Amino acid sequence: MHIPVATYRLQFTPDFGFDAAALIAPYLADLGISDIYASPILTPRHGSQHGYDVVDAHAINPELGGLKRFESLLQFLKTKNIGWVQDIVPNHMAFNSQNQLLVDVLENGPDSPYHEFFDINWNHLYEGIRGRVLAPFLGKFYGECLESGELQLRYSEQGLAVHYYDFRFPIRIESYYRLLTYDLGRLRATLERNHPHFVKFLGVLYLLKYIPSGKEGRERYDQISFTKQMLWELWNGSSEVHAFIEENIRIFNGEAGKPESFDLLDSLLNEQFFRLSYWKVGNEELNYRRFFTINDLISLRIEDQKVFDFTHELILKLVAEEKISGLRIDHIDGLYDPAQYLHRLREQAPYVYLVVEKILEHGEQLPVNWPCQGTSGYDFLGIINGLFCQSAAEAEFTRLYHSFIGNTTSCEALIDCNKRMIVDKHLAGDIDNLAHLLKRISERYRYASDFTLYGLQVALIEIMVLFPIYRSYIGRSGASRVDQECIRQIIAQARINIPNFRNELAFIERFMRLDFDEHMAAEDKDQWLHFMMRLQQFTGPLMAKGVEDTVFYVYNRLLSLNEVGAGPLQFGIDLDEFHAFNQHRVGCWPHAMNASATHDTKRGEDVRARLNVLSEMPAEWERQLRQWHAINLERKTPIGERLAPETDDEYLLYQTLLGAYPFDLAEYPAFIERVKAYLIKAIREAKIHTNWLEPDSRYENALIAFAERVMEPGKDNPFLQAFLPFQRRIQHYGILNSLSQTLLKLTTPGLPDFYQGTELWDLSLVDPDNRRPVNFERRGALLQALQSRANDNILQLIAELLAAPEDGQIKLFLIFRALRARQTAADLFQHGAYQKLTVIGSLKSHVVAFARTLGEQQALVVVPRFPNSLVKDGEYPLGEAVWHETRVLPPVGSRLRWYDALSGQTVQGEEALWLREVFQHFPVALLINESGQG
């Protein structure tokens, strides 16, 4: 297995394809990157900016360059010793007319070879979608769209289809007969009965009347193809037939203002294997599984071997040909049986490097029986972020936040409230399906036959809302001890919350524990297991939409915590937890990814590093808030009896400005526009004053106007005059946090992953802001200059970088120096043990120190934290004036001399390493003591 030294995430788009990646490959190699970590490259819908909406799993995206350019890129990367880790999407595909598999299902229903590929309940309880898949894409009610003429029947070489703007829904072949025989006498009047065109047309009708179905699948498709070809030839070769079909299409399409004229099209649509509906119907009545709550991403039955083999054919071929050496599995929690999927994948690709995209809640562990190398790094992100948040300030920070916004609702209460709101407004159809499944099963047992659908649904919702993690992993082997304890806690709380439904809760608890009756038949056990597997597929979407995509924009106490992999409930961690996390990692997941920024993070890694500084100064933060609020009060807009924006959104804005304020003032005009776009997204996600479904333009306009006034450049803006001194102070301490965070990512157990562009300061906000184009040309030029100067006079270079950190070169310098050390001692960092080091002295709470050891090889990592009380604004934690007597004890038996891989200097340490010497030139240290050094 090829284990990457360091990965670099690239977001491929039609504007950044394989040729663009080839241009930056030399830069990545010079930086020390061993593997490109690529966003999805299988063919998505046209123009996709992310690739997660795949329409063809058998082709490389032509908009990126296609297979030929991809293979050319891989050959070039090989000359640079760069491998390829590929992000793949097994859970879903696009619900789109470009998805030919789905189009075939929509056209042929049960006769399609792909009928069971998608996670569709064809036997739904509701008659309107039984045997048909709901297509919830209409902007208005179906009847309105129909009678306004927005649904248009059209004919092309592909056949008949109903069009709704960009959507194209194919008409089943059996329905052609209805349209082609409508007022057939009109065609007979223009063509004689024995006219070749009319005879051929009658031949088409005959073929349509006797289309094979069922087991005659191949014959059916051959006849459909032949019939369509004949009809297309008539359309192009006979003006009479062309005019006849065209006129019938016009008649079927109806005439606006005459409702009865749409009866023909309505009747035709009722025959199809799809049912067009208003998009909101998908939230309440649904018979296919979506990705979260996104109607146009339809899930796959990847647990079916045929579906797995079909969708993975190309990817596994590329793995077998050693063109791809690693895979990242998107949304593992959406799969019916994640463990089965991973084992199946591992059987097909035994030596591929394999990580999963998995959000672990605080204290949660990845199942150790999964045959993968670990996660894609959200868990690391949460731990490393918490390390720089001063947990001792939580109570004071909570008090000042609630005082400022005038609301004392706890975060726990907001989570509960918003998860219930998501159930009610966005997942009602999914919960309804689960409840009906449970009801059908319950009727088989006399002890459960009296349970009503309502009672089961209430109990089910309560359990799902109380789920504290994204999902459990209960399967045929039962529930793990961890899952059993999670179930116990959930049911105990549910009994308190809904005491009138204790019997229903007890029944569902038996399912969750797979507590089968003594003589239960295998078929019944399979039903119980199926319900549980289904339930587990929907707790994740509820957590994601209710917490990550709602509460993270509602509870704004400290925005650096509102992050994927972290969360507002965990206000910092202590050093012991950090070390325990790394000890577990080195024992179980030594090759997992260490991420600090991804395409999914809510804000850039250096934004979080800045905002964590606020946790060190709650009193000063409150003073600044009050001052800014007083200055900006007159800039608010009255809406009824309230002023907009309300204080929580004002609080959000101030933190956003502190965290993302640009170093370069030339970027300020663009920054204003970025913040405005971010604010709209944030308040719509919060779903309090406005939302995506029903935007409140008055409130949104008031917030944007407030932001523009607050951010107006110039000395005449009193807010900026009061804000900027504090911002610059936070900015400086944020730099120190960033350097510490970066070195920890590079040296702790796991491998460092860099999101594109973050080797310089990452002051981005949530997507799409974090997907902006990266200036690789500038980064390449900076790196070349740094490498050249580091070989000449490294201490002078460091002094200059520290004196002017604004351009981010100090971070780039740290990364390339540490990556060089990783490459030189790859085994040490990939397989070395982890040891917490003892720190002695008055400033020990400000120091994070550990050792990586492998045989006689050793590396010591020492970084500072909580800089606000460590050094003055503008200063660095260097030398004796800062560190005094504080020292680190190296591992027992270590040699005396240590080489600092960052500064290039030697540090002596017989019984202790004095931080005044360790941090003499650079504010973080990576000390290498290879065998043979004295």
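Along the sequence shown, the residues carry numbers beginning at 1. Fair warning: this is a prediction, and the values are worked out from it, not measured in the lab.
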note = One should read off an interatomic distance between Arg220 CZ and Asn108 CG, to the nearest 0.5 angstrom, of 4.5 Å
task = Determine whether the aromatic ring centres of Tyr165 and Phe137 lie less than 6.0 Å apart.
result = no
inquiry  = Ring-plane angle category for Phe776 and Phe16, please: parallel below 30°, perpendicular beyond 60°, tilted otherwise.
reply    = tilted
request  = Indicate yes or no for a side-chain donor-acceptor contact from Gln49 to the backbone of Gly47 under 3.5 Å, with no hydrogens or angles considered.
outcome  = yes
List the atom pairs, with distances to 0.1 Å, where a side-chain N or O of residues 64-75 and a protein N or O form a donor-acceptor pair under 3.5 Å, not counting sequence neighbours.
residue: Arg69; atom: NE; partner: Asp19; partner atom: OD1; Å: 3.0
residue: Arg69; atom: NH2; partner: Asp19; partner atom: OD1; Å: 2.8
residue: Glu71; atom: OE2; partner: Lys323; partner atom: NZ; Å: 2.7

ask   = Salt bridge or not for Glu247 and Arg250, using N-O below 4.0 Å?
value = yes
task = Please say which of Tyr164, Phe274, Phe273 ends up in a ring-ring contact (aromatic ring centres under 6.0 Å, His included) with Phe169.
result = Phe274
ask   = Are the aromatic ring centres of Trp232 and Tyr155 under 6.0 angstrom apart?
value = yes
ask   = Mind checking whether Arg154 and Arg168 have side chains closer than 4.5 Å, heavy atoms only?
value = no
query = Does the pair Phe292 and His92 meet the rule for a ring pair (Phe, Tyr, Trp, His ring centres under 6.0 Å), with working shown?
reply = CA-CA 10 Å; Phe292 291 170; His92 55 268; 8.7 Å; no
task = Give a yes or no answer on whether the side chain of Gln86 reaches the backbone of Ser39 with a donor-acceptor pair at less than 3.5 Å.
result = yes
task = Only one of Arg132, His124, Arg130, Arg275 passes side-chain contact (heavy atoms from CB on, under 4.5 Å) with Asn287; say which it is.
result = His124
query = Can you find a pair of side-chain heavy atoms, one from Phe118 and one from Asn99, that are under 4.5 Å apart?
reply = yes
task = Only one of Gln537, Gln536, Arg534, His530 passes side chain to side chain donor-acceptor pair (under 3.5 Å) with Tyr336; say which it is.
result = His530
request  = Using modelled atom types only, decide if a donor and an acceptor are shared between the side chain of Glu285 and the backbone of Gly282 within a distance under 3.5 Å.
outcome  = no
inquiry  = Is the positively charged end of Arg193 above the ring of Phe198, judged by distance under 6.0 angstrom from the centroid and angle within 45° of the axis?
reply    = no
task = Please lay out, stage by stage, how Phe291 and Tyr52 fare under the test ring pair (Phe, Tyr, Trp, His ring centres under 6.0 Å).
result = CA-CA 10 Å; Phe291 171 68; Tyr52 289 97; 8.1 Å; no
query = Should the pair Asp296-Arg290 be classified as a salt bridge under the 4.0 Å nitrogen-to-oxygen rule?
reply = no
query = Can you check whether Ile41 reaches Phe18 side chain to side chain, under 4.5 Å on heavy atoms?
reply = yes
